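Reviewing the structure listed below.
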Amino acid sequence: MKIASFNINGIKARIQALTDWLDEAAPDVVLLQEIKSVDDGFPREPFEDRGYNVETHGQKGFNGVAILSKLPLEDVRRGLPCDDGDEQARWIEATVVGQRALRICGLYLPNGNPVEIDDAGQPVAGGKYAYKLAWMERLRQRAADLMAAEEPALMAGDYNIIPQEEDAARPDAWRDDALFRPESRAAFRRIVNLGYTEAFRARIQGPGHYSFWDYQAGAWNRNDGIRIDHVLLTPQAADLLTDCRIDAEIRGREKPSDHVPVWVELDV
DNA sequence: ATGACGGATTCTATCCGA
């Protein structure tokens, strides 16, 4: 089963690029981020015509996540638990019903910029950086519950985290950014250290592998990228991992997203 | 260099992203 994550930066603007990629890559499941659409405005037909079931968790203008699946989806849940009235649509999960049940979670982790830190080094309450770190703590709690279930499950999406220096072409340019700050990377490690396998690094080592290139300043042509889209696997899912790739080349096509898909193949 | 580029809504301006 081929499962992909793709931050498409606006579903309505990406119909052609997304359907072209779907026809070539033929993923069984796609976790989409930044659909930038309300549920009723999501263009379902191009995907249903290709045999995908569609589940969305959208909001007006920004954010929004969705699942496309050729297999049936059950027990769809929207939003992280204990979200305390979080209005931002950043989490959707469901069970893919195949020969073996697989729990899949799609996430769009907050960017967190600008970084606001007080004199004691604490994130300023109400700021975007504090929101990012609080969201990551809620994610950690959900990740711990998933781990405790001891079943095949994955959490994939735009984590807005550069895990290591090798995951940025110019790490020094990101040193004080919310994507690379020590607090952000530590929060990411607290999740991975619950026992998750970061699929890409389980398969491929070394620098030069990116999933995002800014639209500005010719970042793609200079390969000035960062790797911020990740797939985390429970041990029971990691046992099934046979491949993980980043489809970087589609960044050079017409009207691309600024992110590219990352996908895993699971022997299920 | 509080810039650029691109998508969306508030739409010939502004907000947001990374």
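These figures come from a predicted structure and were not determined experimentally. Letters A, B, ... mirror the listed sequences (proteins, then strands); counts begin at 1.
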Heavy atoms under 4.0 Å, any strand shown: does A/D229 hit a base, just sugar-phosphate, or nothing?
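Nothing, no heavy atom under 4.0 Å.
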By the 4.0 Å heavy-atom rule, please label A/Y159 as base, sugar-phosphate, or nothing.
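Here A/Y159 touches no strand at all.
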Nearest-nucleotide pick for [X], side chain only, options being [options]:
X: A/K36; options: B/dG17, B/dA18, B/dG6; result: B/dG6
X: A/A13; options: B/dA18, B/dG17, B/dA8; result: B/dA8
X: A/L179; options: B/dC5, B/dG7, B/dA18; result: B/dA18
X: A/K128; options: B/dG17, B/dA18, B/dG7; result: B/dG17
X: A/Q216; options: B/dC15, B/dA18, B/dA4; result: B/dA4
X: A/K60; options: B/dA8, B/dG17, B/dT9; result: B/dT9

For DNA chain B, whose closest nucleotide is more 5', that of A/K12 or that of A/A217?
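Going by which nucleotide is closer to the 5' end, it is A/A217.
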Let me spell it out: for each of A/R14 and A/F212, pick the nucleotide of DNA chain B with the closest heavy atom. Which residue's pick is nearer the 5' end?
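On the 5' side of the pair lies A/R14.
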Under 4.0 Å between a side-chain N/O of [X] and OP1 or OP2 of [N], yes or no?
X: A/Y108; N: B/dA18; answer: yes
X: A/N9; N: B/dG6; answer: no
X: A/H259; N: B/dG17; answer: no

Whole-angstrom distance between [N] and [M], as gauged at atom [atom1]:
N: B/dT10; M: B/dC16; atom1: P; result: 13 Å
N: B/dA13; M: B/dT2; atom1: P; result: 22 Å
N: B/dA1; M: B/dC11; atom1: P; result: 34 Å
N: B/dA8; M: B/dA18; atom1: P; result: 14 Å
N: B/dG17; M: B/dG3; atom1: C1'; result: 15 Å

Rounded distance in Å - [atom1] ([X]) to [atom2] ([N]):
X: A/R222; N: B/dA4; atom1: CZ; atom2: P; result: 16 Å
X: A/I161; N: B/dA18; atom1: CD1; atom2: P; result: 12 Å
X: A/N63; N: B/dC15; atom1: CG; atom2: C1'; result: 12 Å
X: A/E87; N: B/dC16; atom1: CD; atom2: P; result: 16 Å
X: A/D177; N: B/dG17; atom1: CG; atom2: C1'; result: 11 Å
X: A/R227; N: B/dA18; atom1: CZ; atom2: C1'; result: 16 Å
X: A/E254; N: B/dG7; atom1: CD; atom2: P; result: 12 Å
X: A/D158; N: B/dC16; atom1: CG; atom2: P; result: 18 Å

Result block: side-chain N/O donor-acceptor pairs under 3.5 angstrom for residues 85-92 of chain A, not counting sequence neighbours:
from: A/D86; atom 1: OD1; to: A/Q88; atom 2: N; distance (Å): 2.9
from: A/D86; atom 1: OD1; to: A/Y131; atom 2: OH; distance (Å): 3.1
from: A/D86; atom 1: OD2; to: A/Y131; atom 2: OH; distance (Å): 2.9
from: A/D86; atom 1: OD2; to: A/R138; atom 2: NH2; distance (Å): 3.1
from: A/Q88; atom 1: OE1; to: A/N63; atom 2: ND2; distance (Å): 3.3
from: A/Q88; atom 1: OE1; to: A/R90; atom 2: NE; distance (Å): 2.9
from: A/Q88; atom 1: OE1; to: A/R90; atom 2: NH2; distance (Å): 2.7
from: A/R90; atom 1: NH1; to: A/Y108; atom 2: O; distance (Å): 3.0
from: A/R90; atom 1: NH2; to: A/N63; atom 2: OD1; distance (Å): 3.4
from: A/W91; atom 1: NE1; to: A/E93; atom 2: OE2; distance (Å): 2.9

Examine the side chains of [X] and [Y] and answer whether a donor and an acceptor come within less than 3.5 Å of each other.
X: A/N7; Y: A/E34; result: yes
X: A/R103; Y: A/T95; result: yes
X: A/D258; Y: A/W213; result: no

Calculate, to the nearest 0.5 Å, the distance between atoms CG and CZ belonging to A/L107 and A/R142 respectively.
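Spacing of CG (A/L107) from CZ (A/R142) equals 12.0 Å.
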N-O pairing of A/D167 and A/R201 below 4.0 Å:
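Looking at A/R201 together with A/D167, the answer is yes, because their closest N to O distance falls below 4.0 Å.
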Could you tell me whether A/R170 and A/E165 make a salt bridge, using a distance below 4.0 angstrom between a side-chain N and a carboxylate O?
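No, no charged N to carboxylate O under 4.0 Å.
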Polar side-chain contact A/N111-B/dA18 base: donor and acceptor under 3.5 Å:
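Side chain to base: pair found, below 3.5 Å.
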